[in-house]
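Chain naming here is simple, since letters A, B, ... match the order of the sequence lines and numbering starts at 1 in each. Computed from heavy atoms alone, side chains included, the values below leave out hydrogens, waters and symmetry copies.
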Amino acid sequence: MMKSTVITIGHLYPELLNTYGDLGNVEALSFRLKQDGFSPKTQPITIGTEVTPGMCDIYLIGGGQDAAQSLVAKDLLSKAEALKQEVERGTPILAICGGYQLLGDEYIDQKGHRHPGVGILPMSTAAGTTRLVGRLLIQTDLIPRGRMIGFENHSGRTWLRDQSLAFGRVIHGFGNNGQDRTEGIRFKNVFGTYLHGSVLPNNPQFTDLLIRIIFDNRGEQPMLKAVDDRLEEAAYNEASRRLKNWW
Amino acid sequence: MRAPLLGLQGNAVRYQLAKKVGRLMKSLLRLLRRNATSLPGFISLAIDPNFLQHGGKDVPSVLISGTNGKTSVTNLLCKILEQEKQGYVLCNAAGSNLTQGIASTLLTAHRITQQAVFEVDEANLPSVAAKLHPRLIILLNLFRDQMDRYGELDKTAHEWERLAATNHTNELLLNADDPNLGWLGQGHPRAFFFGIKNVSRRLANQDHSVLAHTADTIISPVSRELLIYRRVYFSHLGDYYDPKSDFTRPRLDYAIVDVDLFGLGGSRFRIIDRSGKEILRLQTRLPAIFNVYNVAAAAIAAHRMGVPRTDIEDTAKSFIGVFGRFETIELDSGRKLIIALTKNPTGFNLVLEFIRDHFAERYDLLIAINDLVADGTDVSWLWDVDTRLISPRAETIYASGLRAHQVALRLKYSGLASPIKVEPDLTTVVSNIVQQGHGTTICCLSYTAMTKFRSLLVASGVI
């Protein structure tokens, strides 16, 4: 009989980095954990909240508007040490868009001013003058399906220090910078990406990957139930059909 | 012909040509029964890029913009003005709120047209305002909507700020309860603020202290720190202050007081001026608190334009709203449809909350979401809709539209008990509801799904 293990999902800045539907990632993770028979618990972490090692099994950080991100950037620096320790322990982090950018080495704004990032991810982001917006389809080796689909909306162009760390390669869309065809990053167990959609509900194999990492870290090998993903499949196909059509 | 004369003549000739061709195109389209409402305007603008400037010279205009509510406010204000000046008021239909659409509408101005009232898309407002030199600009709110078009909410807010800062000749009527608007009106010599001052005791007992998840602007435009709310009416509208600066909700020139909500029956409230004198006593059939703001905006604008009090109050009372903005359509034998436009999390949450609080009966729910340009091509926003608000009285939920499966996915991950039926084809869904539905069906539709829905209802003889 399966114990009802409590899995804590750390949701960073839920009220500030909340403008792109990334709440769906928290929901997807919770839903699938419940289906697998576990007890997911969401832990909001915001400005002033202290992060302690082992506090959460996974951290999610989403995207937000410029003003909110500036506010978060300041506070994130105070959490940087703790988060770095978590990364060393192999704790998975899923960082979307603005959250992804903030975890890098630095962010260079429109005026050319350099703002330090948390320094977890070996990459940096520079603000662009145009926005990279649209449906995004990537090829990726992270999941059996080999593809992930979503939507991107960012003016920042991210450049990886090592392109082999890319989360995936762009098939349709812009990805990290619209030039080198890389999208996102996977570094240790930190996953950064520009995929909204939200990314986890629309790419369930990715959710399952994160869940397996969570349990690997706990030294457990739970039997993940075979899930009925037919609706996710249909949603993926529906999104694919909409890739090129804008009318 | 000498050069300067040529220039002058050239301008006038261009404008006349643009007008003639545009009108011709309009008649042609009408003959062919095509619905490209903005095409004539597009052509006129192509012939004369200053078409709006020329056309707007003879007709004083009122511009209305904001994320939610533009269409209702425009419609109501038009109706109020029409009471007095039938035939003299020119209004644009929803869907004609971009520059081309407004140009198209201007084509129908006659010699006797005395006043134009236009709803204007948020991103187009600054340029349209610069061209038309309106006598009044009404700004309702700024929520997150169609992020793919606007990039970021802040950007539109900044552009509106610039409009207010560089232009002091237009009168502004601003919803003070939205911090973006409270901020941009500060120091403007002709800005007037309206907002909710208090609600009835009954309403006051509800808990207003918690901000909904979709509060977009909770950061002070001054200190860039979090704003604190003494009262939240919905989303980020309320009575706020910045703890790190002296920015606070501006003093209300027109205060909405004694608000009482009666569910589907509408609402009642009064409007008082700075001295406390009652200006208007309003009653409306439009439900929910966001319509209090809408009706107030139209009523106050009309008051400022000199419309007699009774005319405003009578029109507001009988106003049944705009198609699809929480409209009830009776089918037969007690069956009915309730139709709501849901195109962003704020609006959607409000609709769901409203249903949860005011619907005692069981009902079927239809959610149809498209992702065409007019709907917003990024449907990520669906994941910010609080689907836990869907009450257990929802019997069956139908997911439809171009992103029917995304809707179903959203619902699945909410863990709802009601069965979910996916049927992307809206024609099939409408046919089923009209022929076999029982009781009440509540329809939550994105913008183009709404227009399609309407034409299907017309085609099946329901309306």
Side-chain angles (χ1 to χ4, degrees), chain A residues 14-16 18-32 34-35 46-47 62-71 74 96 130-131 133-135 150-155 195-202 204 228 230-239 241-242 245-247, chain B residues 143-144 146-158 210-221 223-226 345 370-374 376-388 399 401-415 420 422 424 448:
Chain A
E15 80 290 21
L16 288 170
N18 65 356
T19 46
Y20 289 96
D22 299 315
L23 185 64
N25 294 330
V26 177
E27 294 233 7
L29 216 38
S30 302
F31 183 82
R32 287 176 96 79
K34 270 194 215 136
Q35 277 201 317
T46 185
I47 301 203
Q65 296 169 81
D66 283 348
Q69 276 179 210
S70 308
L71 212 58
K74 274 188 287 186
I96 315 280
T130 57
R131 287 197 82 85
V133 182
R135 299 181 172 99
F151 198 100
E152 63 185 325
N153 185 345
H154 54 111
S155 69
L195 283 165
H196 296 295
S198 317
V199 67
L200 293 188
N202 281 282
D228 181 355
R230 280 174 300 173
L231 182 55
E232 283 80 348
E233 261 307 300
Y236 180 96
N237 291 333
E238 180 181 80
R241 280 196 299 275
R242 306 295 301 143
N245 295 343
W246 284 60
W247 53 87
Chain B
F143 295 113
R144 177 176 25 133
Q146 292 193 38
M147 283 296 247
D148 60 301
R149 274 196 66 222
Y150 300 119
E152 297 217 332
L153 186 63
D154 284 353
K155 178 161 171 258
T156 310
H158 284 315
V210 180
L211 276 179
H213 163 69
T214 54
D216 298 329
T217 312
I218 50 175
I219 293 183
S220 162
S223 69
R224 306 314 245 174
E225 300 285 322
L226 295 176
N370 288 344
D371 61 355
L372 301 173
V373 174
T377 50
D378 181 7
V379 292
S380 303
W381 67 266
L382 280 176
W383 295 92
D384 281 325
V385 177
D386 191 356
T387 39
R388 291 167 305 165
L402 290 168
R403 297 306 290 266
H405 292 97
Q406 187 73 201
V407 172
L409 199 60
R410 173 76 193 95
L411 295 169
K412 169 180 171 178
Y413 279 67
S414 320
I420 301 163
V422 182
T448 62

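Looking at A:Ser198, both its backbone and its side chain come within 4.5 Å of chain B, counting heavy atoms on both sides. Only the side chain of B:Arg410 comes within less than 4.5 Å of a heavy atom of chain A; its backbone N, CA, C and O stay farther away. For A:Leu16, the part sitting under 4.5 Å from any heavy atom of chain B is the side chain, from C-beta outward, and nothing else.
Listed here is the closest heavy atom pair of B:Lys412 and A:Asp228: NZ-O, 3.1 Å. Across A:Asn18 and B:Asp384, no two heavy atoms sit closer than the pair O-OD2, 3.5 Å. The two residues A:Ala234 and B:His405 come nearest to each other via the heavy atoms CB-CD2, 3.3 Å. Nearest heavy-atom pair, A:Ala235 versus B:Leu409, reported as atom, atom and distance to 0.1 Å: CB-CD2, 4.0 Å. Considering all non-hydrogen atoms of both residues, B:Ala404 and A:Glu238 come closest at N-OE2, 3.1 Å.
Rounding to the nearest 0.5 Å places OH of B:Tyr413 at 10.0 Å from CG of A:Leu29. From B:Ile219, atom CD1 reaches atom CD of A:Gln65 across 8.0 Å, with rounding to the nearest 0.5 Å.
Most heavy-atom pairs under 4.5 Å with chain B, from the set A:His196, A:Glu232, A:Arg32, A:Gln35: that is A:Glu232. Contact count against chain B (heavy-atom pairs under 4.5 Å) is highest for A:Leu71 among A:Val199, A:Asn25, A:Leu71.
Taking the charged nitrogens against the carboxylate oxygens, B:Asp371 and A:Arg135 do have a contact shorter than 4.0 Å, which makes a salt bridge. With respect to A:Glu27 and B:Arg388, no salt bridge is recorded, no charged nitrogen being found less than 4.0 Å from a carboxylate O.
Of the possible donor and acceptor atoms, one in the side chain of B:Trp383 sits under 3.5 Å from a partner among the backbone N and O of A:Gly197.
Residues A:Val133 and B:Asp378 form no side-chain contact, since every pair of their non-hydrogen atoms from C-beta on lies 4.5 Å or further apart.
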